Trainee: 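There's a structure below that I have some questions on.
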Amino acid sequence: MWSLKLSDMTKIGVLISGSGSNLQSIIEAIKVGEIGAEIAVVISNDETAYGLTRATDNGIPVKVIKHGDYAERQEFDKELVRVLRECEVELVVLAGFMRVVGTVLLEAFPDRVINIHPAILPAFPGTDGQAQAFVYGVKLAGCTVHFVDEKIDHGPIIIQAAVPVLSGDSESDLKARILRCEHKIFPYAIALYCSGKLHIDGRRVIIDGVDDVLLAQQSLISCPGLN
Ligand code: GAR
């Protein structure tokens with residue numbers, strides 16, 4: 001069991017593919033001092049990703065690395081690693097990055113890659129977790145922040161939060177509710193990481209100095225946007 005504490009001002013690399021609303025929530029949390037980190041680089045595999053605009057508007061360096069430019073996934077991963085290292089990144093944050101990361105990146109950043117998934121894992125892994133949950137008819141949906149390992153949406157879970165599925169909900173209502181929840185737990189999980197409060201013990205992630213019961217209660221009644 002070992003502690004995940006890097007430097008006092010952890011350098012984060014954020015990987016995105018789209019809107020970057022989670023990136024925005026991280027930027028805001030850093031601005032108000034809730035996360036002891038700086039974003040060293042935002043990398044997108046899609047040059048049209050709106051998250052790139054969010055980053056540049058906030059003075060954060062950006063890089064586009066298009067997966068289509070690489071014949072092999074490993075070569076794409078090697079370029080990601082090269083840029084992340086060049087920017088002296090210590091923690092890699094997947095914020096809506098719609099590519100599977102492979103062993104090249106995971107071996108370069110062992111236990112230093114975290115992801116947000118829009119479902120309560122291990123239910124509904126893969127793409128469109130929210131849609132899968134909606135179609136299945138669950139009464140509680142939610143999101144998960146977890147360490148990334150070599151299997152998809154599988155690594156040790158840091159934090160999860162649930163939101164209700166209401167009878168009048170459309171799929172997009174549910175997606176929006178889950179996203180608002182993501183914006184709460186992702187910055188929180190990153191803050192825990194950066195302050196050295198996370199310990200990986202096999203599949204379990206132990207959180208130091210946090211009231212587990214309170215955290216569970218907050219997660220379970222987390223209904224941002226609902227009365
Ligand atoms: C988020 O809902 C995130 O959980 C999901 O993509 C969205 C990105 O939104 N990620 C995955 O589905 C990864 N499997 P954003 O670009 O607005 O942060």
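Counting starts at 1 for both ligands and their atoms, in listed order. All figures in this text were calculated on a predicted structure; none of them were measured in a lab. Note: hydrogens, waters and symmetry copies are ignored here, and every other heavy atom, side chains too, is used.
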Trainee: Do any N/O atoms on Ser21 end up under 3.5 angstrom from N/O atoms on ligand 1?
Mentor: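 Checking ligand 1 against Ser21, an N or O pair does fall under 3.5 Å apart.
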Trainee: Which option wins on minimum heavy-atom distance to atom 12 (O) of ligand 1: Ala119, Gly126, Pro118?
Mentor: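 Among Ala119, Gly126, Pro118, the closest heavy atom to atom 12 (O) of ligand 1 comes from Pro118.
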Trainee: Is the shortest distance from a Lys or Arg side-chain nitrogen in Lys11 or Glu90 to a carboxylate oxygen in the other one below 4.0 Å?
Mentor: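 Here Lys11 does not pair with Glu90 in a salt bridge, since their nearest N and O are not under 4.0 Å apart.
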Trainee: Would you kindly confirm whether Leu80 and Val83 end up in one hydrophobic cluster when ILVMFWY residues are joined by side chain heavy atoms under 4.5 Å apart?
Mentor: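 Yes, one cluster joins them.
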Trainee: Any N/O of Asn22 closer than 3.5 Å to an N/O of ligand 1?
Mentor: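 Between Asn22 and ligand 1 (N or O atoms, distance only) the closest approach is under 3.5 Å.
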Trainee: Verify, without hydrogens or angle tests, whether Arg112 (side chain) and Val92 (backbone) share a donor-acceptor contact under 3.5 angstrom.
Mentor: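 A pair under 3.5 Å: no.
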Trainee: Starting from atom 5 (C) of ligand 1, which protein heavy atom do you reach first, and at what distance in Å?
Mentor: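 The closest heavy atom on the protein side is Met98 CE, 3.8 Å.
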Trainee: Tell me, which protein residue and heavy-atom name are nearest atom 3 (C) of ligand 1, and how many Å apart are they?
Mentor: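 Nearest protein contact, heavy atoms only, for atom 3 (C) of ligand 1 is Glu182 OE1, 3.2 Å.
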Trainee: Check Ile65, Val104, Val100, Thr103 against Asp77 for a side-chain contact (heavy atoms from CB on, under 4.5 Å) and give me the one that passes.
Mentor: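 Among Ile65, Val104, Val100, Thr103, the one that satisfies the side-chain contact (heavy atoms from CB on, under 4.5 Å) with Asp77 is Val104.
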Trainee: Could you tell me, atom by atom, which parts of ligand 1 come under 4.0 Å of a heavy atom of Ser19?
Mentor: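 Taking each heavy atom of Ser19 in turn, ligand 1 has 16 (O), 17 (O) under 4.0 Å.
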Trainee: With heavy atoms of Gln130 as the reference, note each atom of ligand 1 found under 4.0 Å away.
Mentor: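 Atoms satisfying the 4.0 Å criterion: 2 (O).
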Trainee: How long is the span from the CD atom in Glu34 to the CD1 atom in Ile30, to the nearest 0.5 Å?
Mentor: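 Interatomic distance, Glu34 CD to Ile30 CD1, rounded to 0.5 Å: 10.5 Å.
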Trainee: Could you list the residues that satisfy side-chain hydrogen bond (donor to acceptor under 3.5 Å, both in side chains) with Asp208, not counting sequence neighbours?
Mentor: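 By the side-chain hydrogen bond (donor to acceptor under 3.5 Å, both in side chains) rule, Asp208 matches His199.
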Trainee: Residue-level breakdown please: for Leu179 versus ligand 1, do any non-hydrogen atoms fall below 4.0 Å on the side chain, on the backbone, on both, or on neither?
Mentor: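 The answer is the side chain.
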Trainee: Considering only the protein, which heavy-atom contact is closest to atom 8 (C) of ligand 1, and what is its distance?
Mentor: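 Protein heavy atom at minimum distance: Gly96 CA, 3.6 Å.
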Trainee: Provide, to 0.1 Å, the distance between atom 14 (N) of ligand 1 and the closest protein heavy atom, together with that atom's residue and name.
Mentor: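 The closest heavy atom on the protein side is His117 ND1, 3.6 Å.
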Trainee: Would Asp46 and Ser17 count as having a side-chain donor-acceptor pair, cut-off 3.5 Å?
Mentor: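 Per modelled atom types, Asp46 and Ser17 side chains form no pair under 3.5 Å.
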Trainee: Taking side-chain hydrogen bond (donor to acceptor under 3.5 Å, both in side chains) as the definition, give me every residue that meets it alongside Glu79, ordered by chain and number, with sequence neighbours left out.
Mentor: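 side-chain hydrogen bond (donor to acceptor under 3.5 Å, both in side chains) list for Glu79, sorted by chain: Arg82.
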Trainee: Quick one: look up the protein heavy atom nearest atom 16 (O) of ligand 1 and list residue, atom name and how far away it is.
Mentor: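 Going by distance alone, atom 16 (O) of ligand 1 is nearest to Gly20 N, 2.7 Å.
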